[in-house]
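Step one of this worksheet: look at the structure below.
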Amino acid sequence: MPHDQPVSAPGPAPADASDHDPAEAPFLGLLATGAAAEEYERPVLRARAGGAAAARLAALERAKLLALRVRTELEDRRRREAELSALYATAHDLAGLRDLDAVLRAIVRRARSLLGTEVAYLTLNDPAAGDTYMRVTDGSVSARFQQLRLAMGEGLGGLVAQTARPYVTDSYFHDERFRHTRTIDSGVRDEGLVAILGVPLLLGSGVIGVLFAADRRERVFEPGQVALLAAHAAHAAVAIDTANLLAETRKTLTELEAANEIIRDRSSVIERASDVHDRLTELVLRGGGVQDVADAVAEVLDGDVEFTEPGRAPAAALDRSRTDGHAVRDGADWVAAVRAGEEVLGALVLRGHPALDPVDQRTLERAAMVTSLLLLARRTAGEAEQRVRGELLDDLLDAAARDPRLLRERAARVGADLDAPHVVLAARMSGARISDGDGPPRPDGTDRRRLWSAASHLAATRHGLAAVRDGGAVLLLPLDPDGDPAHTAREIAARLGTALHVPVTVGASAPVPAPAARPAAVADAYAEARRCREALCALGRAGQGAAAADFGFLGLLLADTRDVDGFVHRTLGAVADYDARRGTELLRTLGAYFACGMSPARTKDELHVHVNTVAQRLERVGRLLGPDWQSPARALEIQLALRLHQLSAAVTRDTEE
């Protein structure tokens, strides 16, 4: 009896009202509420527990079975209604899609949703290759599986594609109805698939692909599910065909629009090309320069055009342009090699203009050709000027008796002032060499030309002179009154090395006050510069620049002037100046220290001072001369400078007496 009924006064228990109800009554309630299948056992169990008669129990069993059958039918109808509703919704969604990729993704997602599988995927036939390939997946985790290709007849999908019939397997690896291959099985195994259903995508009588639904466990696909996926595939094939037709139509329309646009633009392009041709011709006729060409092309192409040297242009793009003979794209820029034969003179770079019409590309190439002609003309004039500079320097080196007035006039023609202080520099490449068997290796002809060209260019920019001599180059460059020849040598070595991409060793002379007034001094200075250059090579310092002052006491042997006072001052000047300012005896202490074998104990006896005084003086010397003053090389220079200082002081005393 219902639990919410009130209980009457004590008396005999009434009979169970369910004994008098029809056997179907409790099951109708369960059907009405959509109860689970296990709930249908409870009325029978309650009746049995309440001691119901056998007839009653049998009637309940029959009613239960009938109710379960009705429940199954109702569920099947609801499922079919849901499937049909989903199928109609899918058809509606597919009809609204126009992009092929979106259509394919929607097909696969709906297939997975309709059948409630873990994975769904779609393959399309490739008529050219004669196979079928994986196109879209949903729920897949294996990269190998997503890249599978199946030959016709291979695997379950290949069989569906070949026969145009659905195939289903509860356990893929145990199914021998289709041909297994290592590649396909490896992909399926990586994905972990077990149960697979595949239906063909039919368009007319032909198969364009296969639609799959799969699980990673054994599963029986019912005939209704096979039919549902096949119906979905039929809608999908139509949607794919529609999307392909729309894509082809759009492509055709785009091509027609592009053709019309090309036709419209062609006349303006031809006009621009004609304009560029006229401008470049005018530039050449009136002697315009490289920058004028770049400006004219920039205006016509509506961009930024720059001429760059070979070393500053993008190397890969420049090489491709040189090889192909055409302007090439480099990111958002275009590069056109400026070349004369196989020699690259530079490049014209059009910046920020990634989309370039072929005619405009040809315009850039024509501008590069004009630029090369202008550069060659400028080079010819420059080489003539270089020869004039070289001949003038040769005369200074070889003919000391030349008339100074004529030398000044010739120098003025090339912008040089031979009445100002100059420095002579001897340069030699440390790169490739050849040997004639009778002496040391010497620069080959190509090296000499490269070195002469670089040195001449450098001399021209500094209003100096340059020539090739003795397997190297010699430069005569202006020097400021307070200029440092050693610094100039290092700078020229670095500049030439950068230009030639090989080490260049440079030796510098002492300043030559006025080369025009004393031409012979130029030859002497060149000899000194060569000695400095060879000393650098002998000391393992090839590729550097130096003057005699950089070699310490060796500089006395290298320099023509034998500047003893300069050497002493460079070596001991800081100590001597300190003594002069403070009235100390650091030089005397330093001389005694070396005379006593660098022993502080013997030095204090020699000077008659305390050993701490010696230590303090030597510490001060170290601060003045640097921490390495007692190293063997520095100690030798300091001792030589001390001797020369003592000799100089003695000579001065004798002269005064």
Side-chain angles (χ1 to χ4, degrees), residues 382-429 448-496 499-500 504-534 536 545-549 558-561:
E383 288 176 351
E385 181 181 330
Q386 289 173 1
R387 283 193 294 272
V388 172
R389 292 177 184 274
E391 291 168 358
L392 177 56
L393 182 54
D394 284 335
D395 286 347
L396 286 170
L397 292 171
D398 298 332
R402 290 280 185 182
D403 183 355
R405 182 180 60 81
L406 294 177
L407 291 175
R408 291 187 182 96
E409 290 179 358
R410 292 171 61 188
R413 295 192 191 103
V414 293
D417 179 11
L418 295 184
D419 287 321
H422 281 66
V423 62
V424 178
L425 301 129
R428 188 173 67 191
M429 296 172 63
R448 285 195 298 270
R449 286 192 297 272
R450 293 175 61 213
L451 180 59
W452 174 67
S453 178
S456 298
H457 175 72
L458 195 56
T461 59
R462 295 192 173 210
H463 304 289
L465 306 177
V468 173
R469 181 169 288 239
D470 303 320
V474 54
L475 297 92
L476 181 66
L477 300 181
L479 186 69
D480 294 334
D482 56 349
D484 181 11
H487 174 76
T488 303
R490 288 190 290 271
E491 180 186 0
I492 297 303
R495 294 280 298 274
L496 292 177
L500 300 174
V504 177
T505 308
V506 177
S509 71
V512 180
R518 295 181 57 246
V522 178
D524 294 337
Y526 173 55
E528 178 183 339
R530 284 188 63 194
R531 288 194 295 270
C532 291
R533 183 189 67 191
E534 299 307 318
L536 283 173
L558 299 173
D560 286 325
T561 58

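Since this is a predicted model, take the numbers as computed values, not measurements.
- Looking at L465 and L477, their side chains never come closer than 4.5 Å, going by heavy atoms from C-beta outward.
- If you take CG on L496 and CZ on R450, they are separated by 11.0 Å, rounding to the nearest 0.5 Å.
- Counting heavy atoms from C-beta outward, V522 and P515 have side chains that approach closer than 4.5 Å.
- Residues V512 and P421 form no side-chain contact, since every pair of their non-hydrogen atoms from C-beta on lies 4.5 Å or further apart.
- Residue R495 places its CZ atom among 12 or fewer non-hydrogen atoms of other residues, nucleotides or ligands, all under 6.0 Å distant.
- In this structure the side chain of L479 never reaches within 4.5 angstrom of the side chain of H422, judged on heavy atoms.
- T461 places a side-chain N or O within donor-acceptor distance of the main-chain N or O of L458, the cut-off being under 3.5 Å.
- At least one donor-acceptor pair closer than 3.5 Å links the side chain of S509 to the backbone N or O of V424.
- Remark: the backbone N or O of V506 is not paired with any side-chain donor or acceptor of R428 at under 3.5 angstrom.
- When all heavy atoms of P485 and A508 are compared, the closest pair comes out as O-CB, 3.5 Å.
- The shortest distance between side-chain heavy atoms of R462 and I492 falls below 4.5 Å.
- Residues passing the salt bridge (charged side-chain N to carboxylate O under 4.0 Å, His left out) test with R530 are D470, sequence neighbours excluded.
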Exercise. Does the salt bridge (Lys or Arg N to Asp or Glu O under 4.0 Å) test come out yes or no for R469 and D394, once each step is laid out?
Worked result: CA-CA 9 Å; R469 181 169 288 239; D394 284 335; 3.1 Å; yes
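- Between A489 and A546, the closest heavy-atom pair is CB-N, 3.5 Å.
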For this session: Starting from the C-alpha separation in whole Å, work towards a yes-or-no answer on side-chain contact (heavy atoms from CB on, under 4.5 Å) for H463 and D417.
Result: CA-CA 8 Å; H463 304 289; D417 179 11; over 6 Å; no
For this session: Kindly indicate, with the supporting measurements, whether the criterion side-chain contact (heavy atoms from CB on, under 4.5 Å) is fulfilled by L451 and L500.
Result: CA-CA 7 Å; L451 180 59; L500 300 174; 3.8 Å; yes
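- Rounding to the nearest 0.5 Å places CZ of R408 at 10.0 Å from CZ of R405.
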